[in-house]
Amino acid sequence: MKPGLEIGQKRMIKAKVTPDMYAQFEGNIIHPVYSTVAMVYHMEWAARQIILPYLETHEEGVGVSVVVDHISPTIAGMEVTVTATLTALDGVKVVCDVEVVNDAGMVAGKGAVVQYIVQKETFYKKIEQLEQTKRGDG
């Protein structure tokens, strides 16, 4: 990893809630509000922003854990601001606390995202091995 990654660094993303982000299963809307699935996606994306500037060309970041508390609803048309804060760095392990706030000022969610910095070549070899196994030639 390139130097400069430090505890306390923050990155932020914003997203406008749309009906495709509603809580739903198999295309059936359960609640017409921002889903936990969409929230997790945005939490991971915000946390990824922390590591992107520091990855070497031979490295990749891989998400390995997400912990989330979905605290309050957010309706379509509202904007969420997702802030990731680097809280721990242990070798290749990167931990970010993440908070989601809607434009009504309500905390919609809180959680943590853990990523590992891995060697691309090693990671893609594992993927290829799985593909070979699936095809029956591995």
[X] versus [Y], closest heavy-atom pair with distance:
X    : Y    : answer
I29  : Q24  : CA-CB, 3.8 Å
V33  : P73  : CG1-CB, 4.0 Å
C96  : A84  : CB-CB, 4.3 Å
T74  : A108 : OG1-CB, 3.7 Å
Q49  : I13  : CG-CG2, 4.0 Å
R135 : E128 : NH2-OE2, 3.3 Å

Does [X] share a hydrophobic cluster with [Y], counting links as ILVMFWY side-chain heavy atoms below 4.5 Å and allowing steps through other members?
X    : Y    : value
Y116 : Y124 : yes
V107 : V66  : no
V95  : V92  : yes
I127 : V64  : yes
I30  : Y41  : no

With a 4.5 Å limit on heavy-atom distance, are the side chains of [X] and [Y] in contact?
X    : Y    : result
H42  : V100 : no
M21  : V80  : no
M78  : K16  : no
I117 : Y54  : no
W45  : V82  : no
L5   : I50  : yes
P53  : Q9   : no
H58  : K120 : no

Side-chain ([X]) to main-chain ([Y]) donor-acceptor, under 3.5 angstrom:
X    : Y   : value
D103 : E79 : yes
D69  : I71 : no
Q115 : A47 : yes

How long is the straight-line distance from [atom2] of [Y] back to [atom1] of [X], given to the nearest 0.5 Å?
X    : Y    : atom1 : atom2 : answer
Q129 : T133 : CD    : OG1   : 7.0 Å
I75  : Y22  : CD1   : OH    : 8.0 Å
T85  : E99  : OG1   : CD    : 8.5 Å
K14  : T81  : NZ    : OG1   : 3.0 Å
K125 : Q119 : NZ    : CD    : 11.0 Å
D97  : T83  : CG    : OG1   : 11.5 Å

Tell me, with the steps shown, if V94 and L86 meet side-chain contact (heavy atoms from CB on, under 4.5 Å).
CA-CA 7 Å; V94 180; L86 181 60; 3.3 Å; yes
Around atom NZ of K134, are there more than 12 heavy atoms of other residues, nucleotides or ligands at under 6.0 Å?
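For K134, atom NZ is not crowded (no more than 12 foreign heavy atoms under 6.0 Å).
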Short N-O contact, R48 and E60, less than 4.0 angstrom:
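A salt bridge links R48 with E60.
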